[in-house]
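In what follows, chains are A, B, ... by sequence order, proteins preceding strands, each numbered from 1.
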There are 2 protein chains.
Amino acid sequence: MPRPAARRADARHNRELILEAADAAFRRDGVRASLAEIARTCGIAIGTLYKHFSTREALLEALIHDQVAGLREHAERRTGSDTPYEALIEWLQEFGRCASAYQGLAESILSAAVTDGSDMHAAVQCMRTAAGSLLTEAQRSGAIRLDVTPAEVFALACGAGTASRYTTTDPDRLLRLVVDGLAPR
Amino acid sequence: MPRPAARRADARHNRELILEAADAAFRRDGVRASLAEIARTCGIAIGTLYKHFSTREALLEALIHDQVAGLREHAERRTGSDTPYEALIEWLQEFGRCASAYQGLAESILSAAVTDGSDMHAAVQCMRTAAGSLLTEAQRSGAIRLDVTPAEVFALACGAGTASRYTTTDPDRLLRLVVDGLAPR
DNA sequence: ACCTGAACACCGTTCAAGT
DNA sequence: ACCTGAACACCGTTCAAGT
C-alpha cells in the first residue's frame, strides 16, 4: 500500500507551492509580504503554511538555501585564483545580487549573522566562511587592507546591496566603489 | 476672550506629546513601530494622531526636521574649508548618525529621495544639496573621483548606516572605509 | 478648531478538530 | 501524517459624531 508515500508527495507538493508563491510575493512586496496572502495564492489553509515553515525566517531560509549553496561552490571554485582581488569582488557582486533579490533581505541576512538562534544563522555562516577565504587571499596578495574583518566586508556588501535598490547606479559599480575603499592606503 | 488661542495651545501640546512618544517608539522598534501604541502612550485617540500627521512618513519627517536643518548648517559652515576631504567625511558621519537613529530610517530617506511626491522629499533634497557642495569641493581638491555622483555617495552613506546597525564595528570607521573607496585610483 | 472612538478590512499566530 | 479554518489579539486608516 503506497498510501503514506502518496500522502508525503502531497505535502511535498504543498511545500513547493508555498515556496513558489512566497518567492513571487517577496520579490513584489519585500520580505514582509503577507503570509496570509501567500497561503491564499496557493489555495491552502494558513495553518498548513505554518506547519511547513514555522517562522517567516524559516521560509526565507528555504528560499535562499540553494543560492547559498551556489555561493559556497562559487567561492571554492575561485579559491587559489591568481587574481584574488577580482575573485573577491566578483563573489561579492554575486552575493549582492542574491541579497537584494527581496527588499529587506540584506537586513534579514545581517541580523541572522548577529542573532545566534535564528533560522538563517547556519546558512549565513556558510556564506561568511566562503567569503572569508577569498578575503584572506586578497589580503595576502596585498590588494586589501589587513585590518578589515570578514564581518566588515560582509556588512558593507549588504549595505551596498540595500543602497542599490534605491539608485539608478549599477549595483556592481556600487559594490566595486566600496571594495576599492578596502585597498591599502 | 483667549479661548481659541488656548485651544490651539492644546493642539500644539498634543503634537509635542505625539512627537515625543513617536521618537521613543521609533528608537525602540524602528520606523514601523505601532502608531496605535504611540497614541495610547500619549493618552490620545488614534484619530488625533492622524489629524496631526496624516501619514507615517509625515511623522518621521517632522521628527528629523530639526536634524536636517542642523545638517544644512553644518554643511554651510564647512563649505570653503581647506581640508575638504575631511569636511565631507565628517559631514557624512554626522548624517550617518542621524540616518541610523531609527531602524529603517536610512531606507525611508533613500526611498523619499527617489519617490518625488513623498512627505520627506523636500527635507531629503536639503540634505542632498548640502552634501553636494561638500562633495564638489572634495572632488576639486583631488581627494575624490570626479565620476562619482552625489546620489551615489548619498546611497553609500545610507548603506553604511544600515550596515552599522548590525556590526560591532564603529559606524564612523565603516563610513570612512566607504569614502576611502571614492579616492582616485 | 479640535478631539473621539467605533467601524472596516486586514494581519500573524495558535490550536482543536477533522481526514 | 497532514490539513483545515475558527479564534484571538493585534494593526492601519477613515469618518460621522461630539465638544
S.K.: Taking only side-chain nitrogens and oxygens of A/Arg40, does any of them come within less than 4.0 Å of OP1 or OP2 of C/dC11?
M.R.: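 For C/dC11, OP1 or OP2 has a side-chain N or O of A/Arg40 closer than 4.0 Å.
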S.K.: Can you tell me the distance, in whole Å, between the CZ atom of A/Arg15 and the P atom of D/dC3?
M.R.: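 So the CZ-P distance, A/Arg15 to D/dC3, works out to 12 Å.
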S.K.: Nearest whole angstrom, please: distance from the C1' of D/dT13 to the NZ of B/Lys51.
M.R.: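 The answer, rounded to whole Å, is 14 Å.
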S.K.: Grab the CG-P distance between B/Leu35 and D/dT14 for me, whole Å please.
M.R.: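 Atom-to-atom, B/Leu35 to D/dT14, this comes out as 12 Å.
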S.K.: Using atom CZ of A/Arg32 as one end and atom C1' of C/dC10 as the other, report the distance to the nearest whole Å.
M.R.: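 Result: 18 Å.
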S.K.: Looking at C/dC3, C/dT13, D/dG12, which one has an atom nearest to any side-chain atom of B/Tyr50?
M.R.: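 Closest of the options to the side chain of B/Tyr50: D/dG12.
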S.K.: For atom NE2 of A/His65, decide whether the heavy atoms of other residues, nucleotides or ligands shown that lie under 6.0 angstrom number more than 12.
M.R.: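 No, not enclosed.
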S.K.: With a 4.0 Å cut-off on heavy atoms, is B/His52 in touch with a base, just the backbone sugar-phosphate, or nothing at all?
M.R.: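 If one applies the 4.0 Å heavy-atom cut-off, B/His52 turns out to touch the sugar-phosphate alone, with no base involved.
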S.K.: If you check every side-chain atom of B/Ile46, which of C/dG5, D/dC2, D/dT4 has the closest atom?
M.R.: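 So the nucleotide nearest the side chain must be C/dG5.
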S.K.: Could you tell me whether B/Glu86 and B/Arg176 make a salt bridge, using a distance below 4.0 angstrom between a side-chain N and a carboxylate O?
M.R.: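 A salt bridge is present here (some side-chain N lies under 4.0 Å from a carboxylate O).
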S.K.: Where the side chain of B/Thr48 is concerned, which of D/dC11, D/dT4, C/dC3 is the nearest nucleotide?
M.R.: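 The nucleotide sitting nearest to the side chain is C/dC3.
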S.K.: Where each pair must be Watson-Crick or G-U wobble with both distances under 3.5 Å, what dot-bracket representation of DNA chain C is obtained, with crossing pairs in [ ] and other-strand partners as |?
M.R.: ||.|||||...|||||.||
S.K.: Does a donor on one side chain and an acceptor on the other come within less than 3.5 Å for B/Thr162 and B/Glu107?
M.R.: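 B/Glu107 and B/Thr162 do have a side-chain donor-acceptor pair below 3.5 Å.
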S.K.: Any idea which of C/dG5, D/dC11, D/dC3 is nearest the B/Glu37 side chain?
M.R.: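 Of C/dG5, D/dC11, D/dC3, D/dC11 is nearest to the side chain of B/Glu37.
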S.K.: C/dC2 C1' sits how many Å from B/Leu49 CG, rounded?
M.R.: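 So the two atoms are 14 Å apart, to the nearest Å.
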S.K.: Can you tell me how far apart CG (B/Leu134) and CD (B/Gln139) are? Round to the nearest 0.5 Å.
M.R.: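 If we round to the nearest 0.5 Å, B/Leu134:CG and B/Gln139:CD are 11.5 Å apart.
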S.K.: Report the residue (B/Gly47 or A/Arg56) whose heavy-atom-nearest nucleotide on DNA chain C is the more 5′ of the two.
M.R.: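 Residue closer to the 5' terminus by nearest nucleotide: B/Gly47.
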S.K.: Checking side-chain contact (heavy atoms from CB on, under 4.5 Å) between B/Phe26 and each of B/Gln103, B/Arg56, B/Arg32, which is the one that passes?
M.R.: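 Answer to the side-chain contact (heavy atoms from CB on, under 4.5 Å) test with B/Phe26 among B/Gln103, B/Arg56, B/Arg32: B/Arg56.
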S.K.: Quick one about A/Glu90 and A/Tyr85 (side-chain donor to acceptor, distance below 3.5 Å, no hydrogens or angles considered), yes or no?
M.R.: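 Their side chains do not contain a donor-acceptor pair, so the 3.5 Å distance test is not met.
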S.K.: What is the separation between atom CG on A/Asp10 and atom C1' on D/dT4, rounded to the nearest whole Å?
M.R.: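 Distance, rounded to whole Å: 14 Å.
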S.K.: Do B/Asp180 and B/Arg173 sit within salt-bridge range, that is, some charged N less than 4.0 Å from a carboxylate O?
M.R.: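 No salt bridge links B/Asp180 with B/Arg173.
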S.K.: Given atom CD1 of A/Ile18 and atom C1' of D/dC3, what is their separation to the nearest angstrom?
M.R.: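 A/Ile18 atom CD1 is separated from D/dC3 atom C1' by 11 Å.
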S.K.: Has B/Asn14 got a side-chain N or O lying under 4.0 Å from the OP1 or OP2 atom of C/dC2?
M.R.: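 Indeed not, no polar side-chain atom of B/Asn14 lies that close.
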S.K.: Just how far, in rounded Å, is P of C/dG12 from CG of A/Leu59?
M.R.: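 Computing the A/Leu59:CG to C/dG12:P distance gives 11 Å.
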